[in-house]
Amino acid sequence: MELPKNYNPSEFESTIYKKWEASKCFTPEPTTEKSPFCIVIPPPNITGQLHIGHALNNTMQDIIIRHKRMQGFAALWLPGTDHASIATEAKIVDALKTNGQTKKDIGRTEFLKLAFEWKEKYGGKIVLQLRRLGCSCDWTREQFTMNDTCSRAVNDVFVKLYRKKLIYRGNRMINWCPNCKTALSDAEVEYSQKAGHMWYIKYPFENNTGYLTVATTRPETMFGDTAVAINPEDPNLSKFIGESVKLPLTDKVIKVIGDTYVEIGFGTGAVKITPGHDPNDFEVGLRHNLPIITVMNEDGTMNELAYFCAGDDRFVARKKVISALTEQGLLEKCEDYSHNVGECQRCGTVAEPRVSTQWFVKMSPLAKPAIKVVKDRRIVFIPDRFQHIYFNWMNNIRDWCISRQLWWGHQIPAWYCESCGHITVETKTPSKCASCGSTILKRDEDVLDTWFSSALWPFSTLGYPKMTKDLKYFYPTNVLVTAYDIIFFWVARMIFSGLAHMGEIPFPEVLIHGLVRDSEGKKMSKSAGNGIDPIDLIDRYGADALRVSLITGMAPGSDIRFGEEKMEPSRNFLNKLWNASRYVLANIKDTTIIDLADLKLTTAEKWILHKMNKTISEVNGNLRKYELGLGYAKIYDFIWTDLCDWYIEISKPSLYGSDVKMHDQTISVLVYVLKAALKLLHPFAPFITEQIWNEIRDDQDSKFLAVAKFPSSNTKFSFSKDYKRFENIKGIIRALRNARAEYALPPSKTVKIYIQTLDKSYIKKNLSHIYKLAHVTSAEFVTDKSQIKEKTISITLDNNEILIPLGDLVDIKKELERLNKEISKVTLEVNRGQNILANEGFISKAPKQLIAIETEKLNANTELLTKLQAKYSEITDKNSGL
RNA sequence: GGGAGCAUAGCUCAGCUGGGAGAGCGCUUGCCUUACAAGCAAGAUGUCACAGGUUCAAGUCCUGUUGUUCCCACCA
């Protein structure tokens with residue numbers, strides 16, 4: 001039973017993880033003997049590396065699941081990874097590019113083969129990193145969004161929604177990424193303010209009677225203009241409605257139409273309408289039956305309808321259009337203009353509104369019940385305020401574009417009949433057209449949005465559509481833990497999917513955390529070079545230190561700043577625990593551990609047990625409410641302050657002494673308390689606690705701390721009276737230390753003391769602690785301090801007065817200063833108490849208990865003040881002649 | 001335009017349902033006390049952004065103001 005002198009987490013963390021995994025600690029069985037508790041992991045992308053945000057997210061989940069597991073739940077933390085359609089495909093495309101190949105060169109089948117190979121080779125990296133963090137996932141149930149289980153669920157859901165007419169195919173305006181060459185959902189476009197220009201272009205009237213000026217930020221799209229719109233209420237311009245204008249740089253003539261979409265007074269009041277390249281114009285176009293002209297290719301270059309710009313990139317075309325207009329005198333002016341530009345979330349390319357045929361999920365029927373369950377609080381967000389974000393999105397939701405022009409993903413299970421055009425949608429490849437029976441069918445080329453499969457995660461991973469044992473037992477899951485930036489993408493979609501396909505919410509609680517920023521509060525990113533690699537931190541400080549650093553001082557839902565400087569205090573704390581455990585272990589040899597019930601406990605022992613019990617009860621409360629930071633702070637305080645700074649110091653005389661009985665008793669209490677502390681801390685710092693546990697546990701204890709019983713508070717450890725008494729002893733010790741410090745007495749310089757007290761019995765019993773901790777050699781109880789002839793300094797406490805004979809060291813001036821300080825402090829307290837108790841409102845309305853406490857406090861303080869003042873005049877009287 | 005958060009010690013932040021302001025780091029002083037110098041002990045430091053209000057009682061609840069961050073929508 002021994003631990004190495006130095007706390008060196010790298011020596012044992014991976015060994016411990018292997019033992020947990022080998023012993024199936026994290027693999028629960030569905031059983032009626034236990035209650036289920038399940039968390040599904042937010043599946044990290046297979047392309048990803050563990051970043052600090054993952055570390056926070058997964059640490060939180062691990063704390064929760066470990067706590068529940070230790071509380072006796074059948075706790076399942078279900079892990080898995082996400083195929084990350086766009087990101088992974090981009091990697092494969094890049095790899096091909098280095099060989100001078102494109103994906104079309106090798107074809108779909110070969111491409112997918114390469115992608116799966118890539119996944120096998122690199123996709124497992126992040127799950128290994130999760131193990132290093134200590135995540136107690138059940139790896140025997142690991143899932144992947146594109147494995148058979150999850151794919152079956154995807155197909156099943158697609159077909160069901162299609163049959164319910166909640167999935168449809170349509171020609172609509174969608175967001176398009178010219179770089180990824182695929183459609184995007186609205187959520188996948190990120191908008192930011194960009195400096196740009198507003199160009200004012202003259203559109204001459206067909207009859208050459210002048211011109212209308214339109215303002216635009218995107219002149220290159222003018223080749224696709226099919227009208228100019230004016231608000232019919234516009235007092236100056238409405239008269240032009242019905243006229244025709246010549247579209248500059250082309251041979252086209254377009255109509256001037258009236259539409260209230262145009263805001264009077266903004267810009268010039270006339271708007272060019274380009275239904276093929278602007279979502280609002282598209283709507284206007286529909287209202288007025290305007291032709292939709294697409295002037296751009298899929299890659300962002302202009303097509304043959306763009307006249308002299310055909311083949312040019314859209315931004316090159318913009319410049320060419322502007323210079324052509326300038327040449328022809330049709331550019332009225334150009335202003336600097338800052339406007340919102342949408343970019344592809346994955347690659348940052350400016351997204352392009354584009355009309356194309358895509359698959360959509362019809363949202364409003366799905367959103368309604370999903371809004372209701374949150375309104376009815378069947379699903380709660382923690383903190384509560386995040387439901388606003390959810391409602392805001394759900395209430396304004398538009399149909400979800402789910403098709404992507406990619407190969408890596410779930411290919412849409414729709415087949416087109418070559419002879420009659422009918423679309424057959426089936427979970428399995430159909431042999432013939434469902435309408436005409438033709439056998440010539442062509443499968444839809446597109447794949448589904450990655451989030452389509454993620455939306456099913458809480459039940460697809462448990463076996464849906466099969467009603468498996470796991471699905472029956474663990475669904476609905478219990479809590480979902482995620483950052484707020486993913487509420488739209490994932491949380492919202494899981495909620496409506498769970499309701500639609502399982503007929504039941506996927507989870508009753510959504511625990512939201514913030515984003516991890518750097519020490520300056522900036523978002524961490526590779527390009528900014530301010531990212532911190534959690535694995536590097538684990539290598540240098542240990543996973544426990546990382547976990548605990550992330551949790552320290554964390555408030556629910558708010559962003560945290562994180563820098564390496566946070567690691568040291570955490571590591572120091574763990575080192576403290578390590579050394580405290582070494583102390584206990586070193587003194588455990590040849591002793592008999594006695595059941596606490598068989599011991600006559602001392603005041604100090606009752607004090608630490610009471611404090612332990614209080615901590616247990618508070619920590620359980622905090623964890624129940626997911627107040628992880630608060631819970632950790634309490635454990636930290638208990639271990640460092642109460643256990644190490646006080647109780648271990650107190651235990652030393654009996655552990656180092658020769659009294660075997662006392663030694664056994666002390667070590668028994670110490671071991672009990674340390675074990676409780678290890679259990680409390682285990683969810684937060686699983687490795688170090690398990691390592692120590694392995695040394696300290698006895699035959700009756702659980703082999704693994706990971707599955708030991710989490711402490712719950714117990715009235716048998718409630719000793720409030722002794723707790724208070726020992727707090728008084730601590731007060732005496734602190735006051736003595738304080739006095740010693742003021743007189744700069746080194747520990748080697750011991751003193752004797754006199755004590756005048758009302759209740760000497762418990763002080764007497766605890767004198768040894770005062771001796772040891774305040775460097776006192778002897779104490780004498782006196783009834784009348786005037787008998788003491790030596791020169792003393794005196795410390796006045798509630799019921800006790802302590803006198804230290806310091807002979808010539810006593811400094812009258814210093815003593816008077818000390819007293820003055822005390823007196824003014826206590827005077828403030830007395831005033832405060834008097835004011836409160838003189839307040840009639842307080843007396844009549846405050847809780848009785850509080851009044852009693854205040855009265856008691858006031859009495860004590862008044863008495864103390866009287867004593868202090870008496871002492872002050874006594875000293876001044878005595879020394880008046882000096 | 002709509003919505004949300006934040007403002008507490010020099011710094012980074014906790015502070016749960018209102019009832020005497022806390023932690024870590026930093027700072028000052030003294031200690032190598034046989035678990036730990038990654039440590040021990042003692043200490044200093046706050047008009048809890050501002051202004052009102054509710055209440056016997058406000059850092060905590062309400063309203064407004066200022067500063068700041070973020071989300072959503074968007075007028076070419």
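Only heavy atoms go into these numbers, but all of them, side chains included; no hydrogens, no water, no symmetry mates. Throughout, protein chains are lettered first and strands after them, A, B, ... in sequence-line order, and every chain is numbered starting at 1.
Comparing atom distances between the A:Leu630 side chain and each of B:G39, B:C13, B:G15 picks out B:G15 as nearest. Looking at the side chain of A:Val271, the nearest of the listed nucleotides B:G19, B:A76, B:G24 is B:A76. Distances from the side chain of A:Pro747 to the nucleotides B:C31, B:A42, B:A76 place B:C31 closest.
Using a 4.0 Å cut-off, no side-chain N or O of A:Tyr626 falls inside it from OP1 or OP2 of B:C16. Distances shorter than 4.0 Å separate none of the side-chain N or O atoms of A:Trp393 from OP1 or OP2 on B:G2. Between A:Arg737 and B:A42 there is a side-chain N or O to OP1 or OP2 distance below 4.0 Å. Contact between the side-chain N/O atoms of A:Ser581 and the OP1/OP2 oxygens of B:C36 is not found at any separation under 4.0 Å. Between A:Arg561 and the phosphate of B:C13, there is a side-chain N or O to OP1/OP2 separation shorter than 4.0 Å. Between B:G39 and A:Asn572, a contact under 4.0 Å exists linking OP1 or OP2 to a side-chain N or O. The phosphate of B:C13 has neither OP1 nor OP2 within less than 4.0 Å of any side-chain N or O from A:Lys566. Taking 4.0 angstrom as the limit, A:Asn738 places none of its side-chain polar atoms (N or O) nearer than this to OP1 or OP2 of B:A41.
Among residues two or more places apart in sequence or in another chain, the salt bridge (charged side-chain N to carboxylate O under 4.0 Å, His left out) test is passed with A:Asp278 by none.
Figure legend: cation-pi geometry between A:Lys272 and A:Tyr203 absent, as NZ or CZ is not positioned both under 6.0 Å from the six-membered ring centre and within 45° of its axis. Seen from the ring of A:Trp199, A:Arg318 does not count as a face-on cation partner, given the 6.0 Å and 45° thresholds.
Separating the OH atom of A:Tyr771 from the C1' atom of B:U33 is a distance of 19 Å, rounded to the nearest angstrom. If you take CZ of A:Arg818 and P of B:G43, they are 11 Å apart, rounded to a whole angstrom. Following rounding to the nearest Å, A:Asp642 (CG) and B:A23 (C1') show an atom-to-atom distance of 15 Å. The CG atom of A:Asp645 sits 11 Å away from the P atom of B:G39 (whole-angstrom rounding). Computed from coordinates, the A:Asn622 CG to B:U17 C1' distance equals 13 Å when rounded to whole Å. Distance A:Phe638 CZ to B:A23 P: 18 Å, rounded to the nearest Å. For the pair A:Glu520 CD and B:U69 P, the computed distance is 15 Å after rounding to whole Å. Put simply, CD1 on A:Ile512 is 17 Å from P on B:A4, counting in whole angstrom units.
The base of B:A4 has none of its N or O atoms less than 3.5 Å from a complementary donor or acceptor on the side chain of A:Arg385.
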| task | Starting from the C-alpha separation in whole Å, work towards a yes-or-no answer on salt bridge (Lys or Arg N to Asp or Glu O under 4.0 Å) for A:Glu343 and A:Lys194. | result | CA-CA 11 Å; A:Glu343 291 171 346; A:Lys194 287 274 157 69; 2.6 Å; yes
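Of the N and O atoms on the side chains of A:Asn575 and A:Asn579, at least one donor lies less than 3.5 Å from an acceptor on the other residue. Side-chain atoms of A:Glu695 and A:Ser581 include no donor-acceptor pair closer than 3.5 Å.
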| note | Parsed dot-bracket for RNA chain B after applying the Watson-Crick and G-U rules with both distances under 3.5 Å and | for other-strand partners is (((((((..((((.....[..)))).(((((.......))))).....(((((..]....))))))))))))....
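Atom CZ of A:Arg398 has 12 or fewer neighbouring heavy atoms from other residues, nucleotides or ligands inside a 6.0 Å radius.
Using the six-membered ring where Trp is involved, A:Trp640 and A:Phe573 have ring planes that are parallel, under 30° apart on the 30 and 60° scheme.
Heavy-atom distances under 4.0 Å link RNA chain B to A:Ala215, A:Thr216, A:Thr217 of residues 214-230 of chain A, given in residue order.
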